[in-house]
Each structure stands twice: as C-alpha cells, then as structure tokens.
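Predicted, not measured: the structure shown is a model, and the values here were computed from it. Residue numbering restarts at 1 for every chain, and letters A, B, ... go by the order of the sequence lines.
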Number of protein chains: 2
Amino acid sequence: MTIRHETAPMPASPLRLAEVAARAGVSESTVSRVLRNIGPIAEATRVAVLKAAEELGYVPNRLAGALASTGSALVGVVVPSLDNIVFAEVLRGVTERLEEAGLQAVIGVTGYDLAREERIVSALLAWRPRGLVIAGIDHTPRLRDLLAANGTAVVEMMDIDGAEPALDRRVGLSHGAAGAAMAAHLLARGYRRFGYVGHDISRDIRARKRLDGFAAELARRGVALVAEEMVAGPSSVAAGRRGLATLLAAHRDLDAVYFSNDDMAVGGYFHCEANGLRMPDDLAIAGFNGLDIGQELPRRLTTVRSPRYRIGQLAAEQILTRQGAAEAAAKPATIDVGFELIAGETA
Amino acid sequence: MTIRHETAPMPASPLRLAEVAARAGVSESTVSRVLRNIGPIAEATRVAVLKAAEELGYVPNRLAGALASTGSALVGVVVPSLDNIVFAEVLRGVTERLEEAGLQAVIGVTGYDLAREERIVSALLAWRPRGLVIAGIDHTPRLRDLLAANGTAVVEMMDIDGAEPALDRRVGLSHGAAGAAMAAHLLARGYRRFGYVGHDISRDIRARKRLDGFAAELARRGVALVAEEMVAGPSSVAAGRRGLATLLAAHRDLDAVYFSNDDMAVGGYFHCEANGLRMPDDLAIAGFNGLDIGQELPRRLTTVRSPRYRIGQLAAEQILTRQGAAEAAAKPATIDVGFELIAGETA
DNA sequence: ATAATGGATGACAGCGCTTGCATAGATGCT
DNA sequence: AGCATCTATGCAAGCGCTGTCATCCATTAT
C-alpha cells in the first residue's frame, strides 16, 4: 500500500498550446509561431512565450501539427535485417542525417521477405511520412503501384542494378560490378579454380547479384566457377566456416573461394586457420563489405568495401532535398556511390 | 522539358475515409469501424467497404487516427549507438515484438550523450508515443522530471544497477554482477595478475559498472587490478588490439586481461595470435556480450552472454502489457534477465 | 397487433495544431 | 495631417480521423 499523491500520475499531458498561450498572455497562433520560428514576432513576446513553455514543460503534439500542416517530420526506413552490422550502419547514417534536420526515423525490418516489405511500407505510409528509405530495389508489383500512386518521396538504397525503373531515387552501388571486380582481381592474382560459399541467396538478392557478376566475369575470361556451397539461413561466421568445410570436402583442388559477404568469409578464414591452410597460398579467401573485423584479422581480408554509412547519409539527404515532383524529375535519379576493392592478405 | 501527364504527380494522396465511404455507399463512421474491426457490421457492408478500400488503394491516415483517439501506435526507442551489433540486436527484438502488435518504432541514437538523450526523448514525446524504451538507467535530472510529469510508459533496458529509482519499468541485467562473476571465474582458474583494457568508459556507463564490479570482486578477494588501459573513442576490434599492445608493453607480467566488451577482447585475441602469445597459458583473455564472432574464433572466447534480443523483446512487451498507472504500480518494476558466463578457451 | 429489444448505421463534435485573412497600432512619406 | 506600409497579433476554419449518441429497421415477445 503505497500512498502516492505528489507523484500521482497526471492526466496524460493535458498540456496544450492553449495552456502556454494563456500563461504567456497571447493567442495560440502566436505561441505556435514562436515555437516554430516563423513570421515576425516582437522580442518581448518571444521571450514570454518561450518562458511559459519552458516553465510548463510543454512538448508540442506533433501528431496534431503534422495533421494540420500535412507533412510529418517522420521518415520511414525499411531494412531487411538487423542481425548484421551492415544495416545497422546504414541506419546510423540515416538517423544521424535526419536528426540534424529535425526529422525522425520510423523503422521496419522485413527479414528479406518482400511480402512483409509490402505490409511494412503500407503501415509506414499511414504516418504520411516525409519520405521513405528502402533497402533494395526489388519489390512486389503491388508495392510499386502503391508507391507510384502515392507520391511520397522514396529512396531505394544499397543497390542500383536492375531492369525495373527506379521508384524515385536511388543511392547505392552495383553489386554485379562488385562481384565482377573481385573476379577480375582474383584472376589477376593467378587463381583459376574457384569456389563460392554463400548463404540463403534466394532472399538476399544483392548477394546473388554479386555472385552473378562474379560468375559472369569468370565466364567472360573463360574460367569456370567450379563449385558452390549454399548454407541455409542467414549469413554468419559459423555458416561461413561450415560452408567452407563442406565445400572443401567435396573439392580439394580449389585455389580461391569467394564468399557472399565478410561474415561468411571470416568464418572461412577461421576454418583455414583451424585446419592449417595457409592463406592465400593454400587457399585464397575473399568477401564483401569491408567490415572492420576482416581488416583486423592477423591477415587482412581481401574484400570490397561498401560505403554503408555514407549510403545511409545520402539516402536521408535525398529525402531532405527533395522538393516538388518537378524538380525531382530534373535531378539525376540515381547516385552510384561506388565501392573499393581492398586487396588484403588473404587473396 | 518533359511532358508528364499520365505519370503526373497526384495531389499527395487525396484519399480519405470519405472517398472510400462514397464508393462503398456508406458513411465514414462505418468505414472506420470496418477497417478497425469494431462494432457490429453487416457482412455485406464489410465486404463492400473492404473492396472499395482495396480498389482505391486506401491507406488510413494514422496521424489523424491517433490524434482523434489519443494513442499513437508509435513507440520511441532510444539507444546509445548503432556501431555495434549489440544495440542492433536489441532493436531487432523490440521491432519484431512491436510489429506483431501492430506498433512501430521511432528510433533515436544518443551517441552515449545524456544531453542529447534528453533532446531526443523530448522530440520522441512529441509523437505522443504509446511508450518509450530507453537503453540505460542513467539520465539527466531534467529528463527524469519530464518523463515523470508526462505519464508515458517507459522501459529502461539493459541495466538494472543504480541508486536512482526506476522511471517506470526496467528490463536488463546487473553489469556490476557480470563483472564480478568474471572476476570470480578468473580467480577460480588461478589467475592473479590482472589487467583491464577498455574504451571510453566515461560515456559507456555500463562498461564502467562491469569494471567496477570486476575490480570490487578482486579487491574482496585481496587481489589487485594491476593495470588499466583506456583507449579513446568507441569500442572496436582495432582499439582492443592496440589497447592490449600498450598495456602489455608496460606490464609484461600480467596473466589475465579483462576487456570492456567482446569487440575489444577479439582485438586482444588477435594481438595475442599475431604475437605468438598462447591463450590462456601465456595470457588469459575475457570479454563481455557473448557475440557470435567470439564463439567462432579458433579458441572460443571466455565471456559473459547478455540476452540482448530477449531484452529487446521483453522491453517491447512491457509497453504492450502496461495498462493503467494503477496496475503499473502493482507489478514488479524490474525484470532481471540475468546473464550467462561462457567459459571459453581463452581463460 | 404492438411494444420491446437489439443489430446496423449515420451525424457530428471534437483531437491539438497550422495558416490564410483580418485587424490594429506604429511608422514613414508627401 | 493623411494615407500607404509595415510589423505584430488574433480569429477561425480546417487537417482526417474517432467515438458518442441518436436513429432506424428487423425481430421477437406479449
């Protein structure tokens, strides 16, 4: 039996513009203007209003504000996963840039499921967001229609390879080209018997694009991709380790293995280390993403760095700078941030 | 000069309840009820309304809905960082659980800055969220006041050690106890000359609590913490590696080193590996978090696993189940999810 | 038959803010 | 002094929903 009176729960914030206005002795509109810094305001009034708001601990109701002004300072961000540091970094780029502009991110995680993406985007749209940032460029037709009919600013990020036209704007890199670049690098180093270890590629479309680019480049140079090992489930160090073990059990003669990403490649690295395989002499290892962990291994991982944080920032920026549809049509729709091949010590 | 007519930008979603109502031949209230599944509705009406909404591609305006009904289906989530997989996992737990319940997360990243936390929470409150989930239990006095006066459901997560009373509910573990547990484990293994390598501990309060718990347990057993090396900046594999190198340069006689977390510890691991130090014989290494990467190293890292995903889920759940303030006062305010010491092969 | 019951729906007043328009002093200009 | 200009502020009409209350048929009970 605790007696609560001083700390009694207040009737959930009965604090409105009107209260502040009353206390400052001005009208609601004036308070509204002061708080949003618009229109000419006498200095004395401004001070009085700010003081009243401060003393009352007034927090404006943005729901009402957004409804009244159409435009919600909310930006929907849709990523496929948060198991992996990759999207967390993208998210960081997005939120930081948005915060500078006073906007906030509402997030949705699809689990690489396009049907779920559709539902999530729809739910996000219900907040009438200023814009939408979505990882990936592959969507269900229904989602495309929804977005097209809706007119919301949308930025597709991470990826720029695709036959489908951009929904609106894109910020990313060509995963096909990244795969091809790695193939070219490995070929230049003299490797000829290639293997691949990946995770569930039917869901991770960008990983597939890298593999396709990789294989295509090999083919172009008349070299075959000898073997592929796909591990079920999401990418992880453990999966990469197991995958390489399986792959090598069936194909002892490989001289280089490309992994779907760095997590997987680090797993491969550990497998080699644990089994006395020297890299790159006994086996070359390459990944994708350029994660820190790969670069801190005793032997730096050969990989391709994707500018994730920057992609997030740029994506947010696209939302911020997007004005009318007219201007949108004028600007280039796609920003290719490129990538950087890191020639490490494992390949 | 592009002529756009077919694809002309629509007047941003002029689609309201009224349009759907008109098309279905019923009133707005009926549409509202059908869409929210409340009240008795004739089956024929339901079908007609759903059909009209579907055909029109109607997406309800939740801003308006929330404003009218007070209760916004938005939950603010505040984390200190997204550099690290740890909070990404927490976030995943939160968003997944919220999504099941039809709620959405608006996120804020503080960068371990309490002043910024205050601003972010204030901005989040402006959306009149159903609840707030905040990592950490240390806040500015002003933030405490704001939240207390506001009556919003809030869950502090990750940490449960602290003199300050809980804002509302807590879900986490005792970092002090985790540090102490590791000290006990290492002492039991016979180590006696301890070192510590940490990152910017003035900001990462939980890392400090672990260190304090660790040092206290050593002291209780009459053992000293010989040396501490603090690396500036956030935790990272690189920082851990550098930190250990520095520490050992000054103190060659240590037999065990405790790291502020697993990222740092993995860096230490690589340092040992690169310098021919055998673990645990030449040097024992221990971390905190129980990250996958640590468990996939050739020698499994000795660490303490924190149930991050579960913390996120539970935190979301607290928001979902929280009813009135009365009931809130009745339930236990703190959930201790505990932790698990993983006796790996490095200590 | 007629009243009572309940299922199905519509009307309408807000929710808390923004914003165009009106108003009222205070200045400036001729 | 008289009128145009500003600057500073208030008024009031919504923004697109929700929720209460009233209404209107069908049924069923009497």
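A side-chain donor-acceptor contact under 3.5 Å links Thr95(A) to the backbone of Leu91(A). In this structure a side-chain-to-backbone donor-acceptor pair under 3.5 Å is missing from Ser122(B) to Glu118(B).
Rounded to whole angstrom, the span from the CG atom of Leu67(B) across to the C1' atom of dG16(D) amounts to 9 Å. Put simply, CG on Leu35(B) is 13 Å from C1' on dT18(D), counting in whole angstrom units. Spacing between atom CG of Asn61(B) and atom C1' of dC17(C) amounts to 14 Å, rounded to whole angstrom units. Rounded to an integer number of Å, the gap from CD of Glu28(A) to P of dG10(D) is 11 Å. Atom CD of Glu19(B) and atom C1' of dG16(D) are 11 Å apart (whole Å). One interatomic measurement links the two molecules: CZ of Arg16(A) to C1' of dG16(C), which rounds to 8 Å at whole-angstrom precision. Remark: P of dC15(C) and CG of Leu17(A) are 14 Å apart, rounded to the nearest angstrom. The separation between Leu125(A) atom CG and dC17(D) atom P is 13 Å, rounded to whole Å.
Shown here are the side-chain contact (heavy atoms from CB on, under 4.5 Å) partners of Ala68(A), two or more places apart in sequence or in another chain: there are none. Scanning for salt bridge (Lys or Arg N to Asp or Glu O under 4.0 Å) contacts around Glu89(B) gives Arg308(B), with sequence neighbours left out. A search for side-chain contact (heavy atoms from CB on, under 4.5 Å) contacts involving Ala115(A) returns Asp113(A), not counting sequence neighbours. Residues passing the salt bridge (Lys or Arg N to Asp or Glu O under 4.0 Å) test with Asp138(A), sequence neighbours excluded: Lys209(A). For Arg46(B), the salt bridge (Lys or Arg N to Asp or Glu O under 4.0 Å) test picks out Glu43(B), with sequence neighbours left out. Residues forming a side-chain contact (heavy atoms from CB on, under 4.5 Å) with Thr45(B) (at least two apart in sequence, or on another chain): Val26(B), Thr30(B), Ile41(B), Ala42(B), Val49(B). Remark: Arg119(B) pairs with no residue by the salt bridge (Lys or Arg N to Asp or Glu O under 4.0 Å) rule, at least two apart or across chains.
Nucleotides of DNA chain C nearest to Arg46(B) and Ser69(B) differ in position, and the one nearer the 5' end is that of Arg46(B). Nearest-nucleotide assignment on DNA chain D puts the 5′-proximal partner with Val26(A), out of Leu63(B) and Val26(A).
We find that Lys51(A) and Glu54(A) are not joined by a salt bridge, their nearest charged nitrogen and carboxylate oxygen being 4.0 Å or further apart.
Direction of the helix axis in the helix from dA1(C)-dT30(D) to dT30(C)-dA1(D) shifts by 40° between the two five-pair termini, rounded to 10°.
The list of salt bridge (Lys or Arg N to Asp or Glu O under 4.0 Å) pairs with a residue in residues 143-152 of chain B, not counting sequence neighbours, reads Arg144(B)-Glu164(B).
Side-chain N/O atoms of Ser32(A) include none lying less than 4.0 angstrom from OP1 or OP2 on dC17(C). Between dG16(C) and Arg128(B), no contact under 4.0 Å exists linking OP1 or OP2 to a side-chain N or O. Distances shorter than 4.0 Å separate some side-chain N or O of Tyr58(B) from OP1 or OP2 on dC17(D).
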Output a table of donor-acceptor pairs, distance under 3.5 Å, between side-chain atoms of residues 96-107 of chain A and any protein atom two or more places apart or on a different chain; print 'none' if there are none.
{"from": "Glu96(A)", "atom 1": "OE1", "to": "Tyr309(A)", "atom 2": "OH", "distance (Å)": "2.4"}
{"from": "Arg97(A)", "atom 1": "NE", "to": "Glu317(A)", "atom 2": "OE1", "distance (Å)": "2.6"}
{"from": "Arg97(A)", "atom 1": "NH1", "to": "Glu100(A)", "atom 2": "OE1", "distance (Å)": "3.0"}
{"from": "Glu99(A)", "atom 1": "OE1", "to": "Arg116(B)", "atom 2": "NE", "distance (Å)": "3.4"}
{"from": "Glu99(A)", "atom 1": "OE1", "to": "Arg116(B)", "atom 2": "NH2", "distance (Å)": "3.0"}
{"from": "Gln104(A)", "atom 1": "OE1", "to": "Trp127(B)", "atom 2": "NE1", "distance (Å)": "2.9"}

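For Ala64(A), the side-chain atoms get nearest to dC17(C) when compared with the rest of dT18(C), dC17(C), dT9(C).
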Could you list the protein-to-nucleotides 4-8 of chain D atom pairs, N/O on both sides, closer than 3.5 Å?
none

Enumerate the protein-to-nucleotides 20-25 of chain D contacts in which both atoms are nitrogen or oxygen and the separation is below 3.5 Å.
{"from": "dT20(D)", "atom 1": "O4", "to": "Arg33(B)", "atom 2": "NH2", "distance (Å)": "3.3"}

